[in-house]
Amino acid sequence: MPQNRVKVEEFNKIVIVFNRNSGKQLFTSVMARVNEIYKHLKDLVGSKCIEICNIERFIQVDSIVEKIVDEKADWVIIAGGDGTIRAVIEKLNNKDFHPYISVFPAGTVNLVAKELLVSNEPVKWIKRMAKGIEVPVYVGRANGNLFLTVAGIGFDSLVVDNVTELDKKLFNKMAYVMQGTDMIRKEMIFKNWQYRFQVRFDDEDIWHEASSVIVGKSRYYAGRYNLFNQASLSEPILHAALFTGHSRADFLCYAACIAMEALQSEDTITIYQAKKIEIKCNVDNFAVELDGDAVTTAPLLIELEEEPIKFLA
């Protein structure tokens, strides 16, 4: 595929959106790295062109996006995790404003940066971004809410829904492992998994049964596992894994399959490709996770945006 390139040194306005609460920043200073990026960009385009906007509380995203739109920023660099990226891009899209986007991995989960092979070392990062290589990124919508990498409903979304922001801050990715272990104890120590889902693809007549569903827009899941080899942020297609077992042994098997990146090896896991996915649940308002955050609830309609976002990566 031919690469489109832009001259970043000719941009009139660049905004760095830094979520200072993203990830575990007890032992490494992400702020120092963001400031280093700022200094390198200043050398490249001049200080009048660049601004850092800090997110202390998520409610500030609205005002920051308003500023980006009002000042007609050419390039928005998001330093945070996938949840921060999703929130900023969603609000920009809702305002029908489409600057170039780049990410600097600084969150608990950084699947977007991982798939785009983006470094968290400022010198390597700036050297690559200065090339101005444009990468199209297609995004999904789940009940109208934007997501970039993964949507999940079932065991994983129930875990995500019960992990607090403090847990993520203190324990990083281990918070999900701890909550997952506790969830197995609560939900399946004396009984099978009680939740059931019905899934339909591209308006077909058939509804498929599942105990959990993971929908991938990206190859990666939970920070490191490659679940969908054929998935890509730059391809307009959804990949869905349907888990059909209900017992604790089934779920332990699924965890092993995810860890070994071998979903295709298990007969009770089926993978589909589609552009539209509908999911119903046997209980009301079951949590749905998008890019690592519990955002919406079932019933669920997942579709793709027709036009890609322009990333520099």
Side-chain angles (χ1 to χ4, degrees), residues 19 22 55 57-59 61-62 65 78 80-95 107-109 111-112 137-165 167-168 175-176 179-180 183 187 193-203 207-208 210-218 220-222 227-228 231 233 236-243 272 274-306 309:
N19 186 350
S22 286
I55 299 174
R57 293 170 296 128
F58 236 75
I59 195 172
V61 173
D62 288 317
V65 168
I78 306 170
D82 291 333
T84 306
I85 298 166
R86 177 187 55 77
V88 173
I89 291 178
E90 179 170 39
K91 292 182 184 299
L92 287 170
N93 271 20
N94 290 346
K95 290 185 174 294
T108 306
V109 179
L111 299 187
V112 174
V137 171
Y138 287 88
V139 300
R141 290 273 182 181
N143 290 350
N145 301 282
L146 183 144
F147 71 97
L148 288 97
T149 61
V150 66
I153 185 168
F155 187 84
D156 70 327
S157 65
L158 204 57
V159 169
V160 168
D161 193 37
N162 283 276
V163 172
T164 67
E165 288 299 319
D167 289 337
K168 289 195 285 186
Y176 298 100
Q179 185 59 50
M183 193 67 63
E187 294 286 346
W193 181 250
Q194 61 181 309
Y195 306 107
R196 304 289 187 271
F197 304 95
Q198 291 183 305
V199 188
R200 182 167 74 164
F201 301 101
D202 293 330
D203 296 317
W207 287 86
H208 305 269
S211 56
S212 285
V213 184
I214 297 174
V215 177
K217 187 60 205 61
S218 160
Y220 296 107
Y221 168 79
L227 295 195
F228 306 106
L233 292 173
I237 196 73
L238 298 164
H239 299 253
L242 272 57
F243 303 81
Y272 297 86
K275 289 184 176 291
K276 178 182 178 181
I277 302 173
E278 298 167 84
I279 303 175
K280 299 186 291 187
C281 182
N282 64 332
V283 299
D284 293 333
N285 301 318
F286 195 96
V288 176
E289 69 101 350
L290 306 178
D291 296 335
D293 292 313
V295 175
T296 186
T297 59
L300 185 61
L301 171 63
I302 302 176
E303 296 180 291
L304 287 166
E305 292 272 270
E306 291 186 4
I309 297 167

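- Checking side-chain atoms of N143 against main-chain N and O of P299 turns up a donor-acceptor pair under 3.5 Å.
- When every heavy atom of K275 is checked against every heavy atom of D202, the shortest pair comes out as N-OD1, 3.1 Å.
- Heavy-atom minimum distance, W193 versus S211: NE1-O, 2.9 Å.
- A donor-acceptor contact shorter than 3.5 Å links the side chain of N145 to the backbone of A142.
- Less than 6.0 angstrom separates the ring centroid of F286 from the ring centroid of F197.
- In this structure, Y221 and T149 have side chains that are not in contact, with every pair of non-hydrogen atoms separated by 4.5 Å or more.
- If you take CD1 on I279 and CG on L242, they are separated by 7.5 Å, rounding to the nearest 0.5 Å.
- Side chains of V215 and I277 form a contact here, defined as non-hydrogen atoms less than 4.5 Å apart.
- A distance of 10.5 Å separates CD1 in I85 from CG in N19, rounded to the nearest 0.5 Å.
- Here the closest non-hydrogen pair linking A274 and I237 is O-CD1, 3.5 Å.
- Nearest heavy-atom pair, D161 versus A294, reported as atom, atom and distance to 0.1 Å: OD1-CB, 3.4 Å.
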Applying side-chain contact (heavy atoms from CB on, under 4.5 Å), run through I214 and L227 and close with a yes or a no.
-> CA-CA 10 Å; I214 297 174; L227 295 195; 4.2 Å; yes
Begin with the C-alpha distance, continue with both residues' side-chain angles, and end with the deciding distance and a verdict on side-chain contact (heavy atoms from CB on, under 4.5 Å) for R86 and V139.
-> CA-CA 10 Å; R86 177 187 55 77; V139 300; over 6 Å; no
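- No side-chain heavy atom of F201 sits less than 4.5 Å from a side-chain heavy atom of L238.
- A salt bridge between D62 and K91 is present, with a side-chain N of the basic residue lying under 4.0 Å from a carboxylate O of the acidic one.
- Nearest heavy-atom pair across I302 and A151 is CD1-CB, 4.1 Å.
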Let me see the working for K276 and L301 under side-chain contact (heavy atoms from CB on, under 4.5 Å), right down to the final yes or no.
-> CA-CA 7 Å; K276 178 182 178 181; L301 171 63; 3.6 Å; yes
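- For the residue pair A287 and S157, the shortest heavy atom distance occurs at O-OG, 2.8 Å.
- Side-chain contact check for Y195 versus E187: some heavy-atom pair is nearer than 4.5 Å.
- Using a 4.5 Å cut-off on side-chain heavy atoms (C-beta onward), I78 and I89 make contact.
- The shortest distance between side-chain heavy atoms of V295 and V288 does not fall below 4.5 Å.
- A distance of 12.0 Å separates CG of L233 from OH of Y138, quoted to the nearest 0.5 Å.
- Side-chain contact check for Q194 versus N282: every heavy-atom pair is 4.5 Å or farther apart.
- Using a 4.0 Å cut-off between charged nitrogen and carboxylate oxygen, E278 and R200 count as a salt-bridge pair.
- A donor-acceptor pair is defined here as one N or O able to donate and one able to accept, closer than 3.5 Å; such a pair exists between the side chain of D82 and the backbone of L111.
- Contact annotation: the side chain of V137 approaches that of L148 to within less than 4.5 Å [non-hydrogen atoms, C-beta and beyond].
- A salt bridge links E90 to R141: one of the charged nitrogens lies within less than 4.0 Å of a carboxylate oxygen.
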